[in-house]
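Both backbone and side-chain heavy atoms feed into the values below; hydrogens, waters and symmetry mates do not.
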Amino acid sequence: MGDVDSVLQWTLEPKRAIPHLVLGQGPPGGAWNAIEGSMITLSRGNWMGLPDLSYKDWMRMKKRNLRNDRSTAGDILNYYQYYVKNKGLQGNFVSGAVVTSVIKLGNNMKITSGNNICNNTEFEEEQTQEKSVFQVSGFIENEIGPKQDFCLYAENVVLATGTYDRPSWLGIEGEDLPFVSHQISALEEAVKSKKVHQGSDPVLIIGAGLTAADAILLAHHYNIPVIHAFRRRVNDPQLIFNQLPHVMYPEYHKVHQMMKEQSVFQGGPYKGYMSLPEHHAVHFNDAKKCTFTDKHGQHKAFQVSMVFILIGSNPNLSYLPKNGIDLAWYTDRPVNSKSNALDVDPFTYECLQEKGLYAVGPLAGDYFVRFAQGGALAICSALLKSQKRPP
């Protein structure tokens, strides 16, 4: 969305900078139940509503209904697209932009990003007189023709890029074999291409979070046999299933019930599923055999068709100096939304170590949409206050 050329032309005019620039990835809305448009979102529909046109009002206008206050991914996407057009916001969006560098300019500094030199003499002269700004460099992905480099300047930058860029790895032998994947989208592709099916060897799903549960539900829908391995006990209070209301999330509690009642230690009523609680993967080999150790140290091996390691992910902050480590709670370890989020002011969400840089959502340690809305509101309030000039 948006006219890229007009946006770039405006921002590169002499002595002009964007007051605020938001770096985002995909639509807001927290975790999705799956990628397909017909799947149900994790978050309630009203949590994802925007000002002046609530999601419920839009659904009523479209004569559609919410299911347990949740919605389909397709409806949410259509709602956001309609909202942007209805409010005339197309010019505020640049889709397909890949940001490669975000640097704060100091006085009399010239910054070169790759082969794209961001240099504007009149603009630099202004920076020696006023407050510093951020230089944001990257390129526009173009299906037809070469990529288009860009360089923008902004007084404030909001990071809203989420944490799904770099899936976590187990770090064991054979994890890089071609039948091993770390993304649920690979399972969807395997189902569509008939690479896995009802008569194939089981797929192995590793993990005890909602993404792993989504993969189990997807496989179960197509009658694909599943072996499900995870390190925790099935009754561990830290499992996410124990934190979700039964009424709103019946499908996830069904997975949790399967984990309890259909384990390797006992049979159960769920055909085509077997759980391996308190099991640790040791290695995978070329013959698609996976070896585990249980809580007693005993080894077990299983023949599978594919492996999906869905144990979380980490943000890709390569566009920031030192991958953003200097901005985190602990500056001696990588940024992680659970254990080492960006250190922000709780009232403004401004990074404590870099004025003018803000973070929202998982980067600031907020997982659910109801929290992200508060972060977005706090940032808007702080930015509005910062723009007020004395009479």
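- Side-chain N or O atoms of Asn285 include one that pairs as donor or acceptor with a backbone N or O of Lys288 at under 3.5 Å.
- When only modelled atom types and interatomic distance are considered, Asp214 and Thr211 share no side-chain donor-acceptor pair under 3.5 Å.
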Report task. Decide yes or no on side chain to side chain contact (heavy atoms under 4.5 Å, CB included) for Val136 and Tyr153, but give the supporting numbers first. Result -> CA-CA 6 Å; Val136 180; Tyr153 299 97; over 6 Å; no
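- Looking at heavy atoms from C-beta onward, Ile103 lies out of side-chain contact with Phe134 at the 4.5 angstrom threshold.
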Query raised in the report: Yes or no on side chain to side chain contact (heavy atoms under 4.5 Å, CB included) for Leu342 and Leu352, after CA distance, side-chain angles and deciding distance?
Result: CA-CA 9 Å; Leu342 299 186; Leu352 296 180; over 6 Å; no
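- Side-chain N or O atoms of His279 include one that pairs as donor or acceptor with a backbone N or O of Pro277 at under 3.5 Å.
- Taking NZ from Lys194 and OG from Ser200, the interatomic distance works out to 11.0 Å, rounded to the nearest 0.5 Å.
- To the nearest 0.5 Å, the span separating NE2 on His221 from CD1 on Ile216 amounts to 15.5 Å.
- Between Thr100 and Gly138, the shortest heavy-atom contact is OG1-CA, 3.5 Å.
- Between His253 and His246, the ring planes are parallel. Angles under 30° get that label, and only those over 60° would be called perpendicular.
- Side-chain atoms of Leu239 and Arg232, non-hydrogen and from C-beta on, do get closer than 4.5 Å to each other.
- The main-chain N or O of Ile172 is found under 3.5 Å from a side-chain atom of Glu175 such that the two form a donor-acceptor pair.
- In this structure, CD1 on Ile184 lies 10.5 Å from CG on Leu210, to the nearest 0.5 angstrom.
- The closest side-chain heavy-atom distance from Phe93 to Val84 is below 4.5 Å.
- Leu152 is connected to Val94 through a chain of hydrophobic side-chain contacts under 4.5 Å among Ile, Leu, Val, Met, Phe, Trp and Tyr, so both are in one cluster.
- Both Tyr249 and Val234 are members of a single hydrophobic cluster when ILVMFWY side chains are connected at heavy-atom separations under 4.5 Å.
- The closest side-chain heavy-atom distance from Leu327 to Leu357 is below 4.5 Å.
- Judged by distance alone, the side chains of Tyr273 and His228 do bring a donor and an acceptor atom under 3.5 Å apart.
- Put simply, the side chain of His296 never gets that close to the backbone of Gln298: no donor and acceptor are under 3.5 Å apart.
- Panel note: side chain Arg166, backbone Pro315; a donor-acceptor pair is recorded below 3.5 Å.
- Leu310 and Val191 fall within a single hydrophobic cluster, where Ile, Leu, Val, Met, Phe, Trp and Tyr side chains are chained together by heavy-atom contacts under 4.5 Å.
- For Tyr83 (side chain) and Pro51 (main-chain N/O), a donor-acceptor pair under 3.5 Å exists by modelled atom type.
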Requested in this report: Go through Val98 and Phe150 one step at a time and tell me if the side chain to side chain contact (heavy atoms under 4.5 Å, CB included) criterion holds.
Outcome: CA-CA 10 Å; Val98 178; Phe150 69 83; over 6 Å; no
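- Judged by distance alone, the side chain of Gln262 and the main-chain N or O of Tyr270 form a donor-acceptor pair under 3.5 Å.
- Residues Tyr80 and Met61 share a hydrophobic cluster, clusters being chains of Ile/Leu/Val/Met/Phe/Trp/Tyr side chains in contact below 4.5 Å.
- For Asp176, the CG atom sits in a packed shell: over 12 heavy atoms of surrounding residues, nucleotides or ligands are nearer than 6.0 Å.
- Nearest heavy atoms, Leu204 versus Ala229: CD1-CB, 4.2 Å.
- Side-chain N/O atoms of Asn336 and Tyr330 include no donor and acceptor closer than 3.5 Å.
- The nearest pair of heavy atoms linking Tyr79 to Ser54 is OH-C, 3.8 Å.
- Ring-plane geometry between Tyr252 and Phe241 is classed as tilted, the angle between the planes lying from 30 to 60 degrees on a 0 to 90 degree scale.
- You'll find the side chain of Leu363 stays beyond 4.5 Å of the side chain of Ser337, heavy atoms only.
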Requested in this report: Take Val335 and Asn323, measure what side chain to side chain contact (heavy atoms under 4.5 Å, CB included) needs, and give me the verdict at the end.
Outcome: CA-CA 8 Å; Val335 175; Asn323 295 304; over 6 Å; no
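- Under a hydrophobic clustering in which Ile, Leu, Val, Met, Phe, Trp and Tyr are joined whenever their side-chain heavy atoms come within less than 4.5 Å, directly or via other members, Met306 and Val282 fall into different clusters.
- A donor-acceptor pair under 3.5 Å is absent between the side-chain atoms of Asp345 and the main chain of Glu350, judged by distance alone.
- The shortest distance between side-chain heavy atoms of Gln135 and Ser137 falls below 4.5 Å.
- Minimum heavy-atom separation, Leu170 to Ala281: CD1-CB, 4.0 Å.
- The environment of NZ in Lys147 is sparse: at most 12 heavy-atom neighbours from other residues, nucleotides or ligands sit within 6.0 Å.
- Classified by interplanar angle (parallel below 30°, tilted 30° to 60°, perpendicular above 60°), the ring pair His182/Trp169 is parallel.
- Side-chain atoms of Tyr319 and Thr161 include a donor-acceptor pair closer than 3.5 Å.
- Closest heavy-atom contact between Ile140 and Ala97: CD1-CB, 3.7 Å.
- Proximity of Ile227 to Leu276: side-chain heavy atoms (C-beta onward) are separated by under 4.5 Å at one or more points.
- To the nearest 0.5 Å, atoms CH2 (Trp58) and OH (Tyr55) are separated by 5.5 Å.
- A donor-acceptor pair under 3.5 Å is formed between the side chain of Asn340 and the backbone N or O of Trp329.
- Cation-pi geometry between Lys87 and Tyr82 is not met: the NZ or CZ atom fails to fall both under 6.0 Å from the ring centre and inside 45° of the normal.
- A 4.5 Å side-chain heavy-atom check between Gln183 and Pro167 finds at least one atom pair inside the cut-off.
- Between the Ser275 side chain and the Met259 main chain, a donor and an acceptor come within less than 3.5 Å of each other.
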